[in-house]
Amino acid sequence: MMKIQSYELFQVPPRWLFLKIETDEGITGWGEPIVEGRAETVKACVHELMEYLIGKDPMRIEDHWSMMYRSGFYRGGPILMSAISGIDQALWDIKGKFYNAPVYQLLGGACRDTMRVYAWIGGDRPAEVAAEALKITAAGFSAVKMNGTEELQYIDSYDKIDAAVARIAAVRDACGPSLGIGIDFHGRVHKPMAKILAKELEPFRPMFIEEPVLPENNEALKELSKHTSIPIATGERMFSRWDFKQLLSDGVVDIIQPDLSHAGGITECKKIASMAEAYDVALAPHCPLGPIALAACLQVDATAHNAFIQEQSLGIHYNQTGDLLDYLTDPTVFEYKEGHVTIPQGPGLGIEINEEHVRKMAEVGHNWRNPVWRHKDGSIAEW
């Protein structure tokens, strides 16, 4: 019986944490357990969980997942679930390499050959979006995502609404009617302003509005969904099938966006995707992260009938000290053509990590934190 022998963690720029699990048969697996801005905290959690796994059979993924989740009296939440996610990804990588098959084959096989992807434009405080959107479409993408607004108070000025609408209008005017435009409210918008913004944006036919309210205020989606015909997306800050249960049964979401580095990895996100399919809800996994997380997403996308588009981080505004392809031996695995990427065909997650570069960049490390924003009155603003 193959056994888990050891593991290593690598904190690498721009803001990522990589996990390598090694077996006594020489097969290694890679995962990406990270909460953006809390790398050290997740690292500590991975250490605690891996105590249970040393010496165990890496093939018993479902059992290991249940043990990591259920044996803790306190469970769920971003830190614990992100640690589980990265470990789960690495175990699937090992299993795929053992059977010399991509993970999607072990999940029942693919239902698609390629996956549509979108690119980010505009940065944290969106600006120059039309010019950036033109560059992205020239590169072959058929969809973009952008932050809709800067920070907003519970009740704020219509000037900010007008500015947000003008930015989306500029992208639509520049790129024409067929470009998919995802508008991320980023949880910055509270319910009173979200209703106004959703209504004002309707003429521009967005692909979706994302996190129109904070996930802890998901009950507000009942009212908001009655105010707009724009598809509503949310879920990047929801961490298990139990978090998604109420959202789906309430019928107030059109697109769910679990993150495979936050919501329990491949094992859990495959189940969340199937739950959503039963409610006629689309899947668009959240992934502003590194290559391991993206590879994991694509393995699930390949098997999920309701997956319609995939986030990816190439050129995203966070990636200033390292980018998506830097850590891969063969970056062509994520070659985008006509706004799509081919599902990776290699064994396991389908990517080969450049371990030498990982080790070199881990010496550089990072201490990434999201910015702290304040309103003019000095109160903390949602970032």
Donor-acceptor under 3.5 Å ([X] side chain, [Y] main chain):
X: Q89; Y: G31; result: no
X: Q310; Y: P285; result: yes
X: D330; Y: T332; result: yes
X: R205; Y: R172; result: no
X: E32; Y: G290; result: yes

Applying side chain to side chain contact (heavy atoms under 4.5 Å, CB included), can you list everything that pairs with D24, at least two apart in sequence or on another chain? M2, K3, Q5
Non-neighbouring partners of H375 that pass side chain to side chain contact (heavy atoms under 4.5 Å, CB included), sequence neighbours left out: E151, Q153, D377, S379, A381
Is any side-chain heavy atom of [X] less than 4.5 Å from a side-chain heavy atom of [Y]?
X: N354; Y: L328; value: no
X: E202; Y: S229; value: yes
X: D113; Y: T342; value: no
X: M59; Y: Y99; value: yes
X: H286; Y: P258; value: no
X: K56; Y: M67; value: no
X: Y279; Y: V253; value: no
X: V103; Y: L349; value: yes

The test is side chain to side chain donor-acceptor pair (under 3.5 Å); show your working for W92 and T267 and say whether it passes. CA-CA 9 Å; W92 277 107; T267 299; 2.9 Å; yes
State whether W383 and R369 meet the cation-pi test: NZ (Lys) or CZ (Arg) under 6.0 Å from the six-membered ring centroid, and within 45° of the perpendicular axis. no
Run the salt bridge (charged side-chain N to carboxylate O under 4.0 Å, His left out) test on R188 and E210 for me, step by step, so that the C-alpha distance in whole Å, both residues' side-chain angles and the decisive distance to 0.1 Å come before the verdict. CA-CA 11 Å; R188 296 172 183 171; E210 177 176 332; over 6 Å; no
Enter the distance from [X]:[atom1] to [Y]:[atom2] here, rounded to the nearest 0.5 Å.
X: I209; Y: L224; atom1: CD1; atom2: CG; result: 5.5 Å
X: Q11; Y: L9; atom1: CD; atom2: CG; result: 9.0 Å
X: S66; Y: R60; atom1: OG; atom2: CZ; result: 10.0 Å
X: L221; Y: D250; atom1: CG; atom2: CG; result: 9.0 Å
X: S261; Y: L294; atom1: OG; atom2: CG; result: 10.0 Å
X: N370; Y: R15; atom1: CG; atom2: CZ; result: 8.5 Å

State, to 0.1 Å, how close [X] and [Y] come at their nearest heavy-atom pair, and which atoms those are.
X: P231; Y: P206; result: CD-O, 4.3 Å
X: H227; Y: E223; result: ND1-O, 3.0 Å
X: L260; Y: S85; result: O-CB, 3.4 Å
X: S313; Y: L289; result: OG-O, 2.7 Å
X: L49; Y: A83; result: CD1-CB, 3.7 Å
X: D93; Y: W30; result: OD2-N, 3.0 Å

Criterion side-chain contact (heavy atoms from CB on, under 4.5 Å) on T28 and T23, from CA distance to verdict: CA-CA 6 Å; T28 60; T23 68; over 6 Å; no
Near E338 CD, under 6.0 Å, is it more than 12 heavy atoms from other residues, nucleotides or ligands? no
Heavy-atom count around K43 NZ within 6.0 Å, excluding the residue itself: above 12? yes
Quick one about E36 and W16 (side-chain donor to acceptor, distance below 3.5 Å, no hydrogens or angles considered), yes or no? no
In terms of side-chain heavy atoms, does Y104 have a donor or acceptor partner in Q345 at a distance below 3.5 Å? yes
With side chain to side chain contact (heavy atoms under 4.5 Å, CB included) as the test, pick out the partner of S82 among V35, T41, I87. V35
Give a yes or no on whether the ring-centroid distance for Y52 and H64 is below 6.0 angstrom. no
Using the ring centroid of each side chain, check whether Y118 and F141 are separated by less than 6.0 Å. no
ILVMFWY network linking [X] to [Y], side-chain heavy atoms under 4.5 angstrom:
X: I255; Y: L214; result: no
X: L19; Y: L80; result: no
X: I136; Y: L134; result: no
X: F185; Y: V165; result: yes
X: I161; Y: M146; result: yes

Of all pairs that satisfy ring-ring contact (aromatic ring centres under 6.0 Å, His included), the ones with a partner from residues 237-267, not counting sequence neighbours: Y69-W242
By side-chain hydrogen bond (donor to acceptor under 3.5 Å, both in side chains), which residues pair with Q299, not counting sequence neighbours? none
Excluding sequence neighbours, so at least two apart, what forms side-chain hydrogen bond (donor to acceptor under 3.5 Å, both in side chains) with T137? none
Side-chain donor/acceptor pairs under 3.5 Å, residues 300-309, sequence neighbours excluded:
residue, atom, partner, partner atom, Å
T303, OG1, K270, NZ, 3.1
T303, OG1, V300, O, 3.0
N306, ND2, A273, O, 3.1
N306, ND2, V281, O, 3.0

Derivation of the side-chain contact (heavy atoms from CB on, under 4.5 Å) call for W65 and R70: CA-CA 8 Å; W65 198 99; R70 297 180 188 278; 5.5 Å; no
Ionic contact status for [Y] with [X], cut-off 4.0 Å:
X: K20; Y: E22; answer: yes
X: E150; Y: K160; answer: no
X: R237; Y: E211; answer: yes
X: R359; Y: E355; answer: yes

In sequence, state the C-alpha distance, the side-chain angles, and the governing distance for V12 and V358, and then conclude on side-chain contact (heavy atoms from CB on, under 4.5 Å). CA-CA 7 Å; V12 295; V358 169; 4.2 Å; yes
Run the side-chain contact (heavy atoms from CB on, under 4.5 Å) test on Q257 and F208 for me, step by step, so that the C-alpha distance in whole Å, both residues' side-chain angles and the decisive distance to 0.1 Å come before the verdict. CA-CA 12 Å; Q257 300 170 304; F208 55 77; 4.0 Å; yes
